[in-house]
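Scroll down for the structure; my scribbles are underneath it.
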Number of protein chains: 2
Amino acid sequence: MAQYSRLDGVFAAVSDPTRRAVLRRLGTGPASIGELAAPFGMALPSFMKHIGYLEKTGLITTRKTGRVRVCTLERASFDAIESWLSEQRGIWAGRTDRLEQFVTAADPDTRLDTETLS
Amino acid sequence: MAQYSRLDGVFAAVSDPTRRAVLRRLGTGPASIGELAAPFGMALPSFMKHIGYLEKTGLITTRKTGRVRVCTLERASFDAIESWLSEQRGIWAGRTDRLEQFVTAADPDTRLDTETLS
DNA sequence: GGCTAACTTAGCCGCATGGCTCAGTATTCA
DNA sequence: TGAATACTGAGCCATGCGGCTAAGTTAGCC
């Protein structure tokens, strides 16, 4: 059991203030590592871990051009959170059937997470 | 500042599949610790840690009656997630001013210049 | 070629998380 | 009263996170 859901990673990634700040900045457009790291009084390797985490969970993508790595926000990955919220709210409303739309339309991980409980 | 910490905790709490399952179950109504723990092949003290975490972050409240502790979902605490999503989407849309209502104590990174997109 | 900028890799450290067991406490029930 | 139920507390352990430094690599420029 304990199947890993995409949600695990997404929520964990978003639980850190540094990473949320990065996501916020990337919401305005792509940026390089150095540019993103500048506002934080943090060693670059430390900052890179955050970037690596965000990329691993699919919240951002990166591409290296020359010696500069550019990060781009992946807006679609936020849908997992939205879906989860909708699911939860659907349960509160007492109509689980309704959210089948969201869940089945989402990625396999979300489905897995759903059937973990029942 | 320091209004983050709530989001930190909420997202961290929600990043665990066991805890999400608990939240889902509690969405249908209050339940005792034992009742909640039953579906998981987990020692009770381990499970209690999850409950403690959920309570600490305000996602649930608990009350002990006799020897049974009953847990209740605190729906309002989900608003923090909703607000954060709204903020993020607001940034994508290029209008930060609008979401000032939600995020009052945001940090300096929230500001951005209106350029691309409407 | 040689210098600098922009990462990148390797490795260390302290603390928190998520699991466990082995008791202990407090109700409830026969 | 005594046993069973339902937690609760203490403490151990492995892993992972978030920070650091030091050294290496690659690209761009004079």
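Lettering of chains follows the sequences in order, A, B, ..., and the numbering in each one begins at 1.
- Going from atom NZ of B/Lys64 over to atom P of C/dA26 covers 9 Å, rounded to whole Å.
- With C/dT8, C/dG18, D/dG28 as the candidates, the nucleotide lying closest to the side chain of B/His50 is C/dG18.
- For A/Ala43, counting side-chain heavy atoms from C-beta on, the closest listed nucleotide (D/dC20, C/dG18, C/dC22) is D/dC20.
- Which of C/dC7, C/dC20, D/dC20 sits closest to the side chain of B/Pro45 comes down to C/dC20.
- Per the geometry, CD1 belonging to B/Ile51 stands 17 Å off C1' belonging to D/dG9, to the nearest Å.
- Rounded to whole Å, atom P of C/dA5 lies 18 Å from atom CD1 of A/Ile33.
- Using a 4.0 Å heavy-atom cutoff across all strands shown, B/Leu44 reaches at least one base atom of the nucleic acid.
- Residue A/Ser46 places no side-chain N or O under 4.0 Å from the OP1 or OP2 atom of D/dG18.
- A distance-only check finds a donor-acceptor pair linking the side chain of B/Arg20 to the backbone of B/Val14 [under 3.5 Å].
- A/Lys56 has no carboxylate O lying under 4.0 Å from a charged side-chain N of A/Asp8, or vice versa, which leaves the two without a salt bridge.
- Of all nucleotides listed (C/dA6, C/dG18, D/dA6), C/dA6 comes nearest to the side chain of A/Arg67.
- Between the B/Arg69 side chain and the B/Ile33 main chain, no donor and acceptor come within less than 3.5 Å of each other.
- Whole-Å rounding puts the A/Glu55 CD to C/dC7 P distance at 13 Å.
- Atom NZ in A/Lys56 sits about 10 Å away from atom C1' in D/dC17, given to the nearest Å.
- Distance B/Tyr53 OH to C/dG19 P: 13 Å, rounded to the nearest Å.
- B/Ser86 OG to B/Ile81 CD1: the interatomic distance, rounded to the nearest 0.5 Å, is 11.5 Å.
- A/Lys49 places its NZ atom 12 Å from the C1' atom of D/dT21, with the value rounded to the nearest Å.
- A/Asp16 has its CG atom 5 Å from the P atom of D/dG18, to the nearest Å.
- In the set D/dC7, C/dA5, D/dA22, the nucleotide with an atom closest to the side chain of B/Met48 is D/dC7.
- Distance from the side chain of B/Arg69 is smallest for D/dT8 among the nucleotides D/dT8, C/dC7, D/dC7.
- The B/Met42 side chain lies nearest to C/dC20 when the options are C/dC20, C/dC7, D/dC7.
- When all heavy atoms of A/Ala31 and A/Leu26 are compared, the closest pair comes out as N-CD2, 3.8 Å.
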